[in-house]
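The shown structure was predicted, so the numbers you read here are calculated from the model rather than taken from an experiment. Order of the sequence lines sets the chain letters (A, B, ...), proteins ahead of strands, with each chain counted from 1.
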Amino acid sequence: MSALNLYDTKTRSIAPFKSLKPKQVGIYLCGATVQAPPHIGHIRSGVNFDILRRWLIATGYEVTFVRNVTDIDDKILHKAVHEEIPWWAVAMKYERAFTDAYNALNVLPPTYEPRATGHITQMINLMQILIDNGSAYAPGNGDVYLEVRKLKEYLTLSNQKLDDLQTAEDADLTYKKDPRDFALWKAAKAGDPSWPTPWGDGRPGWHLECSAMAHAYLGEAFDIHGGGLDLIFPHHENEIAQSQAAGYKFANTWMHNAWVTTSGEKMSKSLGNSLQVQEILKKVRGIELRWYLGSAHYRSMLEFSFDALAESATAFRRVEAFLARAKSVLGAEPQPVIAAEFAAAMNDDLAVPQALAFIAESMRIGNTSADDKKVIAKTAGEVRGALSILGCDPFDPVFAASKSNDAAMDGLIKLALEQREAARLRKDFAAADAIRDQIASLGVIVEDTPNGPRWSY
RNA sequence: GGUCGGAUGGCCGAGAGGCGAGGCUCGGGACUGCAAAUCCCGCUACACGGGUUCAAAUCCCGUUCCGACCUCCA
């Protein structure tokens with residue numbers, strides 16, 4: 001089997017992936033800042049990295065997957081005031097919404113999911129190191145800044161020059177030595193939550209939590225750090241700056257997923273609620289939304305439209321029907337296997353589109369096999385194996401749970417099919433088709449074969 | 001101003017010097033019940049202008065258009 005190659009944002013190239021420790025991988029994924037319900041862009045990131053994780057596991061790695069929750073930031077505090085509930089209630093509410101969305105899309109729960117506010121101690125420790133070695137300074141007002149000009153390397157991920165950065169026009173240099181210095185810690189304002197530190201009461205800046213938590217759970221050096229494209233600068237640059245200034249090697253490989261776009265533009269929260277995961281799930285099932293979000297290459301923009309979503313769901317149902325048919329022919333669920341072609345696609349920087357072409361080819365072979373059990377077992381096994389990596393295995397209990405398997409259900413379906421057969425015998429095809437369409441709308445697929453009707457769901 | 005990424009057929013979406021990924025839609029056919037499912041065939045592409053090459057969607061030069069980031073966005 002070919003070896004995994006991944007694109008590294010830092011080198012802007014694809015290179016063989018080599019874990020720091022044999023057969024073990026540590027991944028830190030920037031998760032949600034829980035300030036609003038998740039939209040499909042947020043969840044695409046979750047799906048993309050879940051596919052990576054599943055692939056690493058399938059190829060024999062033990063994966064420690066850390067995805068943080070940033071549960072304090074300006075917007076959360078604003079929302080708390082606006083909604084007249086405590087900031088922590090705002091954070092928890094949206095954290096739950098994210099968890100629900102991840103679950104609905106079969107995103108595996110992280111090995112650990114640390115919250116920023118649970119790691120103030122680690123942040124203070126990190127700041128102490130940075131102040132002690134002269135990388136950071138506390139001007140006395142309660143803020144703590146990282147002095148970016150002192151860094152040996154800065155902006156290597158986004159390939160920018162410090163002097164080329166546009167600085168904020170309203171940069172306040174009362175306390176900052178340089179407008180580009182960024183806040184590790186923010187002094188407490190009246191009414192805002194705060195934690196005591198040696199430099200005064202305050203709360204974390206945006207970037208500090210990820211450095212502190214990645215270090216806490218993955219150590220000074222780890223394999224992969226991921227997130228959305230827009231985090232490259234400033235968030236990830238600043239994580240690198242803080243961590244390396246503290247003497248940590250930090251992440252080996254940087255991976256960034258592209259956006260879901262609408263009309264060519266990055267989705268913005270001003271678009272309203274229609275692209276929230278919860279809303280989309282009123283139109284398609286979680287497994288269909290996952291198939292759609294995972295179907296484009298993770299580094300390509302995914303141009304969202306409801307038509308494209310519906311089309312993708314149609315395509316997925318065909319795959320699902322193929323597997324259901326296979327189960328019916330085999331008398332058991334096909335056993336998932338990883339085909340060499342699929343592995344080759346995944347090893348090529350997670351080339352899901354190629355993997356989908358392979359799935360289509362396997363289905364074609366299976367569908368032309370005239371129910372040859374050997375061929376069906378092979379092709380359906382390969383298709384199921386591929387789907388399991390994509391997180392879209394219809395037999396996965398996560399998705400199958402909603403289906404009833406009890407005797408009453410079987411009996412009712414048989415009754416309906418008997419009625420339909422009776423209608424067919426008297427050439428009342430309108431009635432027969434009506435029955436088929438009705439039970440199809442309940443998720444039961446009926447197909448006529450030379451040996452009589454076959455149903456699956 | 002700096003950095004980065006795009007433009008592919010009716011639609012989605014790969015590829016990155018030669019043999020047209022794949023899916024959805026559409027048209028024709030097989031099978032069937034003038035059905036469903038399935039299969040087969042077909043249709044329409046590489047933003048524009050030059051260049052390199054036996055050969056360019058792919059490389060080079062130029063142009064146009066679009067998007068993203070530039071200090072609390074996945």
Classify the nucleic acid contact of [X] as base, sugar-phosphate or nothing, counting any heavy atom under 4.0 Å across all strands shown.
X	value
A/L165	base
A/G227	sugar-phosphate
A/V352	nothing
A/H297	sugar-phosphate
A/D181	nothing

Please report, rounded to the nearest Å, how far the P atom of B/C69 is from the CZ atom of A/R180.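 Rounded to whole Å, this separation is 20 Å.
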Rounded to whole Å, please give me the gap between CZ in A/F429 and P in B/G33. 7 Å
Looking at A/F429, I'd like to know if the NZ or CZ of A/R436 sits under 6.0 Å from its six-membered ring centre while staying within 45 degrees of the ring's axis.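 No; the conditions do not both hold, so A/R436 does not lie above the ring face of A/F429.
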Any donor-acceptor pair under 3.5 Å between the side chain of [X] and the base of [N]?
X	N	value
A/D164	B/U3	no
A/R420	B/G33	yes
A/E361	B/G22	no
A/D433	B/G33	yes
A/R436	B/A35	yes

Phosphate-side-chain proximity, [X] and [N], N/O vs OP1/OP2 below 4.0 Å:
X	N	answer
A/S300	B/G6	no
A/N159	B/C4	yes
A/N367	B/C39	yes

For the pair A/R149 and A/D163, find out whether any cationic side-chain nitrogen is under 4.0 Å from an anionic carboxylate oxygen. yes
For residues A/K79 and A/Q35, report the shortest heavy-atom separation together with the two atoms involved.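 So the minimum-distance heavy-atom pair works out to NZ-O, 2.9 Å.
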